[in-house]
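Sequence positions, counted from 1, serve as the residue numbers for this chain. Order of appearance sets the numbers: ligands from 1, and atoms from 1 within every ligand. The model shown is predicted, which means the values in this text are computed figures rather than measured ones.
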Amino acid sequence: MSDTRHFLTLLDFSPAELQHIIQRAIAMKQEHRSGDDQRTFPGKVLGMIFAKSSTRTRVSFEAGMAQLGGHAMFLSPQDTQLGRGEPVEDSARVISSMVDLVMIRTFGHDIVERFAAHSSVPVINALTDDYHPCQLLADMQTWVEQRGSIAGKRVCWVGDGNNMCQSYINAARQFDFELSIACPPGFEPDAQLLASNSDRVHIEHDPAAAAAGTDLVVTDVWASMGQESEQRERAALFAPYQVNAELMSSAASGALYMHCLPAHRGEEISVELMDATDTVIWEEAENRLHAQKALMETLLLANR
Ligand code: CP
Ligand code: NVA
């Protein structure tokens, strides 16, 4: 089990491996659009454990596995023994003895770590309270498709210092860009993570100052899954942190903006930007499919 590759954060792969996944994702997208048969993994099974809601992640993994010739199995804690207290470690041993890959969306990041430590097959983090690395594969693919390499570029995160923000910090390191983070005081990402990336990541509480001259502006909901009770209180505190045309006017000319979705129009992003005809947000969402097919291919080949 110890030599099994997992994808729990972007740091589990080298920068070169991440670049390879992005290039494969771009190539597999073209193959898919050309109608090529991509069923290179017949009989392979992906177990998908979802302790939180999902549209994009579930549809992209399930469709992606079918397109690769395999099968995806949806497992909700409510309907499995995981929800009745069977230990994560025991579940990992059993589930991984029957499937070829496992994907988990859950609350504590320690849950995916514990599962991976007891799994004989690769485990993919499909979002925890701390990280959402699959979304970053899609975001980086989208950037590369639109603009080429992101190395040396300047990226601005606007909003909560949440799982997406923390994944952008890891991405800054692995894809070699600068990151300015505009968040309300008290909503910064993890202090240790910030400290270990202080050479390329900094906090700037004023959103216009943080966005000034940047090439990519990224945001996400103000209250993540599990924080629904804080929604009203956060909406007031985060109001100055909306990504809108005015904020984009301080970014570099031709700057892109991204959002992992689902979005709350009129809160973290303006209606105008969401509904703009030239936004890359829909491409970004579709790229979840292609990026994760490339990720699954990489992990299945590594675990042969
Ligand atoms: N962006 C994202 O992960 O979307 P879902 O929550 O719909 O899976
Ligand atoms: N930060 C959001 C991302 C959703 C894809 C959440 O965790 O709910």
Side-chain angles (χ1 to χ4, degrees), residues 7-10 25 46-65 72 74-77 102-112 124-143 157-171 179 181-184 187-190 193 217-235 237-238 241-243 257-265 267-269 274 279-293 295-296:
F7 185 63
L8 306 188
T9 75
L10 290 174
L46 167 71
M48 306 191 301
I49 299 171
F50 279 100
K52 288 177 176 169
S53 302
S54 170
T55 297
R56 279 142 291 269
T57 305
R58 179 173 177 185
V59 174
S60 55
F61 270 111
E62 195 161 333
M65 200 55 186
F74 178 78
L75 300 164
S76 100
V102 175
M103 181 238 83
I104 307 177
R105 168 167 286 197
T106 190
F107 293 86
H109 191 72
D110 66 299
I111 296 172
V112 294
I124 297 168
N125 173 8
L127 183 148
T128 62
D129 290 345
D130 291 351
Y131 296 104
H132 193 8
C134 290
Q135 183 67 50
L136 264 290
L137 294 180
D139 287 19
M140 293 299 102
Q141 179 189 346
T142 308
W143 176 272
W157 173 268
V158 184
D160 190 18
N162 64 13
N163 44 11
M164 277 297 300
C165 176
Q166 299 200 148
S167 294
Y168 262 89
I169 297 176
N170 281 342
L179 179 67
I181 297 171
C183 59
F187 294 88
E188 293 84 2
D190 180 70
L193 183 67
V217 177
V218 193
T219 191
D220 183 17
V221 291
W222 293 336
S224 287
M225 289 183 275
Q227 298 172 332
E228 288 78 4
S229 64
E230 299 172 32
Q231 170 67 36
R232 272 173 65 104
E233 187 194 335
R234 281 172 174 254
L237 290 167
F238 281 76
Y241 294 82
Q242 184 185 78
V243 175
Y257 57 91
M258 295 190 193
H259 190 311
C260 64
L261 305 180
H264 291 183
R265 281 174 170 74
E267 290 185 22
E268 76 276 2
I269 187 163
M274 269 308 288
T279 179
V280 300
I281 283 177
W282 310 112
E283 199 73 17
E284 177 191 4
E286 180 193 323
N287 283 342
R288 295 292 304 281
L289 172 70
H290 311 296
Q292 287 156 204
K293 282 166 72 179
L295 172 66
M296 290 193 286

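Among Asp220, Asp129, Thr57, Leu127, the residue whose heavy atom sits closest to atom 1 (N) of ligand 2 is Asp220.
Under a 4.0 angstrom heavy-atom cut-off, Leu127 registers as lying outside contact with ligand 1. Arg58 does not count as a contact of ligand 1, since none of its heavy atoms falls under 4.0 Å from the ligand.
The single protein non-hydrogen atom nearest to atom 6 (O) of ligand 1 is Arg105 NH1, 2.8 Å, given as residue, atom name and distance. Scanning all protein heavy atoms for the shortest distance to atom 4 (O) of ligand 1 gives Arg56 NE, 2.8 Å. For atom 8 (O) of ligand 2, the closest non-hydrogen atom of the protein is Met225 N, 2.8 Å. Atom 2 (C) of ligand 1 has Arg288 NH1, 3.2 Å as its closest protein atom, hydrogens excluded (heavy atom only). The closest protein non-hydrogen atom to atom 7 (O) of ligand 2 is Asn163 ND2, 2.8 Å. The shortest contact between atom 7 (O) of ligand 1 and any protein heavy atom is with Thr55 N, 2.7 Å.
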- [ ] Run the numbers on Ser60 and Gln292 for side chain to side chain donor-acceptor pair (under 3.5 Å), then give the verdict.
- [x] CA-CA 7 Å; Ser60 55; Gln292 287 156 204; 2.9 Å; yes

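Taking CE from Met164 and CD from Gln135, the interatomic distance works out to 5.0 Å, rounded to the nearest 0.5 Å. Atom NE2 of residue His259 and atom CD of residue Glu268 lie 3.5 Å apart, to the nearest 0.5 angstrom. Distance check: Thr219 OG1 to Met258 CE gives 13.0 Å after rounding to the nearest 0.5 Å. Put simply, CD1 on Ile124 and CZ on Phe61 are 4.5 Å apart, with the number rounded to the nearest 0.5 Å. For the atom pair SG (Cys260) and CG (Leu127), the distance works out to 8.5 Å, reported to the nearest 0.5 Å.
Taking only nitrogen or oxygen atoms, main chain and side chain alike, Leu261 reaches within less than 3.5 Å of ligand 1. Checked against a 3.5 angstrom limit, the closest N/O atoms of Arg105 and ligand 2 fall outside it.
In summary, the atoms of ligand 1 found under 4.0 Å from a heavy atom of His132, numbered by their order in the structure, are 2 (C), 3 (O). Short contacts between ligand 1 and Gln135, defined as distances under 4.0 Å to a heavy atom of the residue, involve ligand atoms 1 (N), 2 (C). If you number the atoms of ligand 1 from 1 as listed, the ones under 4.0 Å from a heavy atom of Cys260 come out as 1 (N). Atoms of ligand 2 lying under 4.0 Å from at least one heavy atom of Leu261, given by number and element, are 5 (C).
The side-chain hydrogen bond (donor to acceptor under 3.5 Å, both in side chains) with Lys52 is formed by just one residue from the set Thr106, Thr57, Asp129; it is Asp129.
With Glu284 contributing its side chain and Trp282 its backbone, the two residues share no donor-acceptor pair below 3.5 Å.
Using a 30° and 60° split on the angle between ring planes, Tyr131 and His109 fall in the perpendicular class, above 60°.
Between Arg105 and Met103, the shortest heavy-atom contact is N-CE, 4.0 Å.
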